[in-house]
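Everything below concerns the one structure shown next.
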Amino acid sequence: VQLQASGGGLVQAGGSLRLSCAASRRTASNNGMGWFRQAPGKEREFVAGISWNGRYTSYADSVKGRFSISRDLSKMYLQMNSLNTEDTAVYYCAVAHQAVAGPGASGYNYWGQGTLVTVSS
């Protein structure tokens, strides 16, 4: 499975961006998917996850109420609102081993190349 993330860019604090992730195989539609991010000098962290059917979602506390994850079969999206400078990072999409997507990176076996989000003050 190959993943292609897109939608990153430069945005002012308070602005919005929508990230997209497309999986190369429809089999990804049977698996949970998730977004992670890695800021400079920091470890990769979980942002949001969504189950195979989109019914179950989970978010990091830092993005709850501001970010929204969704999917359409093997495509996944991350709507990011009220962005702040702490959201600056490379965002990665990933496909989980199972039908649900939790916060642990070990639960994912396919990763995209990342898309850079820069939030200016």
Side-chain angles (χ1 to χ4, degrees):
V1 178
Q2 292 184 331
L3 300 170
Q4 181 70 42
S6 60
L10 175 64
V11 64
Q12 288 189 332
S16 299
L17 280 176
R18 187 185 192 223
L19 305 183
S20 300
C21 176
S24 62
R25 289 171 55 182
R26 290 184 62 85
T27 51
S29 64
N30 297 321
N31 295 72
M33 298 181 73
W35 289 98
F36 287 74
R37 67 185 181 185
Q38 187 167 19
K42 296 186 177 181
E43 294 185 354
R44 188 173 299 189
E45 65 175 1
F46 173 76
V47 176
I50 189 166
S51 62
W52 72 277
N53 58 4
R55 288 184 182 180
Y56 303 101
T57 59
S58 58
Y59 297 91
D61 288 343
S62 59
V63 306
K64 280 181 181 177
R66 300 188 298 121
F67 290 13
S68 178
I69 189 171
S70 60
R71 68 181 296 171
D72 177 13
L73 296 178
S74 58
K75 293 184 179 179
M76 178 177 64
Y77 308 95
L78 186 68
Q79 178 66 43
M80 305 186 295
N81 299 325
S82 301
L83 286 161
N84 58 59
T85 56
E86 294 183 353
D87 296 317
T88 294
V90 176
Y91 284 70
Y92 299 89
C93 60
V95 175
H97 294 291
Q98 299 179 341
V100 292
S106 61
Y108 298 78
N109 52 350
Y110 297 105
W111 294 83
Q113 85 290 354
T115 184
L116 176 62
V117 172
T118 304
V119 183
S120 63
S121 59

task = Indicate the atoms forming the closest heavy-atom contact of Ala96 with Val100, along with that distance.
result = CB-O, 3.6 Å
inquiry  = Under 4.5 Å between side-chain heavy atoms, counting indirect links through other Ile/Leu/Val/Met/Phe/Trp/Tyr residues: same cluster for Val11 and Trp35 or not?
reply    = yes
ask   = Taking the six-membered ring for Trp, are Tyr91 and Phe67 parallel (under 30°), tilted (30 to 60°) or perpendicular (over 60°)?
value = tilted
inquiry  = Tell me if a side-chain donor or acceptor on Asn81 pairs with a main-chain N or O of Ser16 at a distance below 3.5 Å.
reply    = no
request  = Supply the atom-to-atom distance Asn109 CG to Gln98 CD, rounded to the nearest 0.5 angstrom.
outcome  = 10.0 Å
ask   = Which heavy atom in Leu3 sits nearest to a heavy atom in Ala23, and how many Å separate them?
value = CD2-CB, 3.5 Å
task = First locate atom OG of Ser58, then atom NZ of Lys64, and finally report the distance between them rounded to the nearest 0.5 Å.
result = 8.5 Å
message = Keeping Asn84 on the side-chain end and Ala13 on the backbone end, is there a donor-acceptor pair under 3.5 Å?
response = no
request  = Would you kindly confirm whether Val63 and Ile69 end up in one hydrophobic cluster when ILVMFWY residues are joined by side chain heavy atoms under 4.5 Å apart?
outcome  = yes
ask   = With a 4.5 Å limit on heavy-atom distance, are the side chains of Arg44 and Trp111 in contact?
value = yes
inquiry  = Using 0.5 Å steps for rounding, measure from the SG atom of Cys93 to the CZ atom of Arg71.
reply    = 11.0 Å
message = Could you measure the distance from the CG atom of Leu17 to the CG atom of Asp87? Nearest 0.5 Å is fine.
response = 10.0 Å
query = Would a 4.5 Å heavy-atom cut-off, applied to side chains only, mark Arg66 and Tyr59 as touching?
reply = no
ask   = Distance-only, no hydrogens or angles: does the Tyr108 side chain make a donor-acceptor pair with backbone N or O of Pro103 under 3.5 Å?
value = no
query = In terms of hydrophobic clustering (I, L, V, M, F, W, Y; side-chain heavy atoms under 4.5 Å; direct or indirect links), are Met80 and Tyr92 co-clustered?
reply = no
query = Rounded to the nearest 0.5 Å, how far does CG of Leu19 lie from CD of Gln79?
reply = 9.0 Å
task = Give the minimum heavy-atom separation between Val90 and Gly114, together with the two atoms involved.
result = CG1-CA, 3.8 Å
query = Are any side-chain N or O atoms of Thr88 and backbone N or O atoms of Val119, one a donor and one an acceptor, separated by less than 3.5 Å?
reply = yes
Over 12 foreign heavy atoms within 6.0 Å of CD, Glu86 = no
task = Could you state whether Phe36 and Met76 fall into the same hydrophobic cluster, counting links through intermediate Ile, Leu, Val, Met, Phe, Trp or Tyr residues with side-chain heavy atoms under 4.5 angstrom apart?
result = no
note = Taking every heavy atom of Ser29 against every heavy atom of Ser74, the minimum-distance pair comes out as CB-N, 4.0 Å
task = Could you tell me whether the side chain of Glu45 reaches within less than 4.5 Å of the side chain of Arg37, counting heavy atoms only?
result = yes
request  = Drop me the distance from Asn30's CG to Leu73's CG, to the nearest 0.5 angstrom.
outcome  = 9.5 Å
Transitive ILVMFWY side-chain link Leu78 to Trp52, under 4.5 Å = no
note = The single option from Met33, Lys75, Gln4 that satisfies side-chain contact (heavy atoms from CB on, under 4.5 Å) with Cys21 is Met33
inquiry  = With a 6.0 Å cut-off (strictly less than), is the heavy-atom count around CD of Gln113, excluding the residue itself, greater than 12?
reply    = yes
